[in-house]
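We name chains A, B, ... by the order of the sequence lines, and we start the count at 1 in each one. Here the structure is a predicted model, which means the values were calculated and not measured.
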Amino acid sequence: MLPANFQFSQSNLQDYVDCPRRFQLRHFQAQAWPGVQAEPVLEYERHLERGARFHRLIERHQLGMDSAMLAATVAGDAELSAWWRDYLHFDYLHDLPGRRYPEFSLSVEIAGARLVAMYDLLVVVSGERVVIFDWKTYHREPSRQWFLARLQTRVYPFVLVSSGTGLSGGNLLPEQVSMVYWVAAAPLEPVVFDYNSKRLAVDCDYLSGLIREILTLGDGSAWSMTADESRCRFCEYRSLCDRGVYPGLLENISNIDDNIAGSVGFSVLGGVGEVGF
Amino acid sequence: MAARTLFIEGPAGVGKTTYALRHIRDLLAQGTGPETMLVLVPQRALGRPYQAAFTAPDWPGGAQIDVVTLGGLARRGLETFWPLVAKQAGFAHPEWEPIFLTIETAQYYMARFVNTAIRTGVFDSLNLEPAHIMRQTLDNLSKAAVNSFPLDEVADRLIAAWGDRHSSRPPVYRASLDVAQEFRDYCLETSFLDFSFQIELYIKFLLNEPLYRVYFTQRYRHLIGDNLEENFPVVGDFIRWAWDDLDSALLLYDTDAGYRVFLGADPGGMYELKELCADTQVWRDPVNTSPVMVALTGDLAVLLDPGREKPVQPDVNPLEGLVYESFRFYPEMIDWVVDSIAGLVDSGVPPREIVVLAPFLGDALRFGLSTRLNERGIETVSHRPSRALRDEPAARAILTLMALAHPEWSYRPPVDDVTHALQETIDGLDPVRAWLLTQIVYRPSRDDLGSFDIIKSDIQQRITFQVGERYHRLREWLLEYGSGAERFPPDHFLSRLFGDVLAQPGYSFHTNLDAGRVVAELVESGRKFRQTISMYHDVEDWSAVLYEYFSLAHQGMLAALYVASWRDEEKDAVFLAPAYTFLMRNRRVDYQFWLDAGSDYWWERLEQPLTHPYVLTRSYPPDQNWTDDLEFAARRDALCRLVTGLVRRCNRTIYISISNLGISGYEQRGPLLRAFQQLVQRYPAPGGLRS
């Protein structure tokens, strides 16, 4: 039995896919466990904070605040300023007409549970299409295949199409949806995934199956642990699972945000507020 | 004006929230976008029925509906629109992002100014701990913010209310407000925002910002305001600000409540929002409430506050809803409560349907009840919001180890604390051996812990070599850490000690989930403390920050957050809580146990000489003296609201326990007891009543 008010998301489903035991501890039992996730800790934190500020900056811009005023707020941070300049040159977004919905969340019912998606930005061209934007502050650009394998690439378009949202002025067809990853390490080469009906059906089957599988698991015993023990070095529960003492080094992983930051949540009002970057 | 506006008033249990959820479903069915709805509640706990409905699988898909408090809305608005506010509000570094202070960090910074003022002797006429001066000064800032009073008005009101009792108090009020102003100036220098400043900036600046108005009015078209009566006056200002652009509004008002007056809630002022609404309804008939409880509510209300009009009520004997027992001594009363709960559980009542309520829930009472019930195989959960984190055994142990790792500090933990820390953390170390080990390896006059190797072999054998090896590893870690202590902020120290040693096999936190939760809270508070201090300043040497954090925790200024307790409350366990805490959960249960009904604490309010919950409200005349008559009337009204609120949240039976002699040994005869005695005399005793 999952906790009351529990909602599935790309983040917690990714946890389950990576390690069922981590999902059980982090989400099923909401077990706080203060192990260090990665070294050096301060550098890891600074990266997360910078990523959060970048998201906030874009949200402000998309809400209509003046870009010169916003630039002044990041003048003291060279890396953030560089990301900001790259973002301002992201013509793919800026040339796109349509209403902007920054930091917007949608949810749907699936397999007897709720699945939620929190979007960095939705751009709705009424009656035509909806584009999902997601900001990734990675220092190295992952491959397209890596993105394709992430739960986020499945969950976000699926929830958008399935939620029956009236944002686009009518029923939204899968073919009207695309998802764009903007990566700080390669700002001129956004990774674009167009959605379609076939993909929707596949995702629906996959996500339903995954959620049903989780819902059948009871809390009587420990769920299975990942076979890939390298993940444990970046997991706060490694001591509880007898999977090592010391945390892994940041330099040894490529995309720290999605690999280890799944638990970083900014919950302002009790809603789901994951920061995936 | 909003096109469709409805104000519904009625007591708890008449179905107002259920109606609001139906109203939201109706709006959705009409094609209204869920993202355009805003559910406004005074406290997060009161938003739980909405959160539960919106996250249920059968709720319609689409955008998420925001369930917010004004504080949450202010914080989110300031985070997002900060550049529009920072400069005009006068911040020294408008380019800096705001730093949101927790209660602990606000107290920490306030302490600097309070301690300076204390040294001047200005607070000498008050017999008050510095921590209380800090809290009440912060409280005055909050009262100013939630009423939109200038700080000067707070002082003026307090002085006017004090009247001519004696002349020492007015300068103290002024001093408290001077300290508050110094703190506020410091916040402007550093971009710090405590709760009061967030509210003030939101109301004063952000609501007047055209871009925010555009954002808000495009986003939110439908307002649902529940438990209006528990809101601060500025919530009324906010609703009036939003009103003209709304397409619909539903406002719900609980006529018997207003439990948060001591925090600044303004039930009377919020009731005036009724005038904005095109339609108003009064709901009186409780849904699924037993006639006995309805009768009990009405009778008690009139007995406690004779000025109240007695409502029309069913022709039943209210005593059928009571079990009433009186004892000479406090422990006998506790025995009876435990026995009665065990009897209910044995007869098939789920523990979750039982709550034990007291005006205050001290550690001894909480521990005593929990232990006794646990011994009977009955699980308990408790909530005491003001409990200090250092009172948790795991927190106390790790804080002691923190002190041992820093021999350069002037503080040396007492021997008992070291014994406790070793026993609490080393697996297999019982109290006797822990005491023995501590006696040998620890001297408060020495700089560090002694080695296990220097202990005589026969004593080593008694302690056991396995425990010795574990002690050795812990000691080595502390020594090694000490050689580079300046590199680690407090949260990193705690995380590392936990992960590297205490959560490893051979140590008691290895699979101790509760200890993990407590240390995680400690780490989180340490992280926030450190981030507040270092956000805009590079820190090369963390030693001073670490010591400051330790001092805060050690003085009990870090409150246990009980994040997990929300989950705990879902458990099938008896809930132990202060009465107001239970009320603000807005739960109904089958059985309530009221402890020590003779105690005056049921109607006394906290002694707060530097502030005043009634005087510092808009509805109180600014130049009026606060008289004993007003105090009596306020207490009577508060007790009446408390008692009727509790009865309305009981489905079956209330167990009233009375101890003639209180926990301190004094005879008790408080107003709650007197009301019960009158009630018992008024009706014939039914079969179930004992007295």
Q) If every non-hydrogen atom of A:Trp33 is compared with every non-hydrogen atom of B:Ala520, which pair is closest and at what distance? A) N-CB, 4.3 Å
Q. Are any non-hydrogen side-chain atoms of B:Glu79 and A:Glu59 less than 4.5 angstrom apart?
A. no
Q. If you measure from the Lys or Arg side-chain nitrogens to the Asp or Glu carboxylate oxygens, is any gap between B:Arg530 and A:Glu45 under 4.0 Å?
A. yes
Q) For the candidates B:Ser495, B:Pro60, B:Gly31, which exhibits the highest count of non-hydrogen atom pairs separated by less than 4.5 Å from chain A? A) B:Ser495
Q.
Quick check on the interface: out of A:Leu25, A:Ile110, A:Val41, who has the most heavy-atom pairs with chain B under 4.5 Å?
A. A:Val41
Q: Indicate yes or no for a side-chain donor-acceptor contact from A:Gln31 to the backbone of B:Leu513 under 3.5 Å, with no hydrogens or angles considered.
A: yes
Q) Salt bridge or not for A:Arg60 and B:Glu97, using N-O below 4.0 Å? A) yes
Q. Of all of A:Gly112, A:Ala111, A:Ala32, which one pairs up most often with chain B through heavy atoms under 4.5 Å apart?
A. A:Ala32
Q | Taking every non-hydrogen atom, the tightest pair across A:Glu109 and B:Pro57 | A | CG-O, 2.9 Å
Q) Can you tell me how far NE2 of B:His510 sits from CG of A:Asp242, rounded to the nearest 0.5 angstrom? A) 4.0 Å
Q: Please say whether more than 12 non-hydrogen atoms of neighbouring residues, nucleotides or ligands are located less than 6.0 Å from CD in B:Glu480.
A: no
(Q) If I compare all heavy atoms of B:Ala56 with all of A:Arg114, which pair ends up nearest, and what's the gap? (A) O-NH1, 3.0 Å
Q. Per the side chain to side chain contact (heavy atoms under 4.5 Å, CB included) rule, which among B:Val519, B:Leu497, B:Val518 passes with A:Pro34?
A. B:Val519
Q) Where does A:Arg53 contact chain B at under 4.5 Å (heavy atoms): side chain, backbone, both or neither? A) side chain
Q: Provide the closest heavy-atom pair for B:Pro83 versus A:Met69 in the form atom of the first, atom of the second, distance.
A: CB-CE, 3.9 Å
Q. What part of A:Arg46 is in contact with chain B, defined as an atom under 4.5 angstrom from a non-hydrogen atom: side chain, backbone, both or neither?
A. neither
**Q.** Which atom of A:Ser239 lies closest to which atom of B:Gln504, heavy atoms considered
**A.** CB-NE2, 3.4 Å
Q: Go through the steps to decide whether B:Thr55 and A:Phe6 satisfy the test side chain to side chain contact (heavy atoms under 4.5 Å, CB included), and finish with yes or no.
A: CA-CA 7 Å; B:Thr55 53; A:Phe6 183 82; over 6 Å; no
Q.
So which residue, B:Glu95, B:Arg219, B:His93, ends up with the most heavy-atom pairs under 4.5 Å with chain A?
A. B:Glu95
Q) Looking only at heavy atoms, which two atoms of B:Thr80 and A:Met65 are closest? And how far apart? A) O-CE, 3.1 Å
Q) Which bit of A:Leu70 is near chain B, if near means a heavy-atom gap under 4.5 Å: side chain, backbone, both or neither? A) side chain
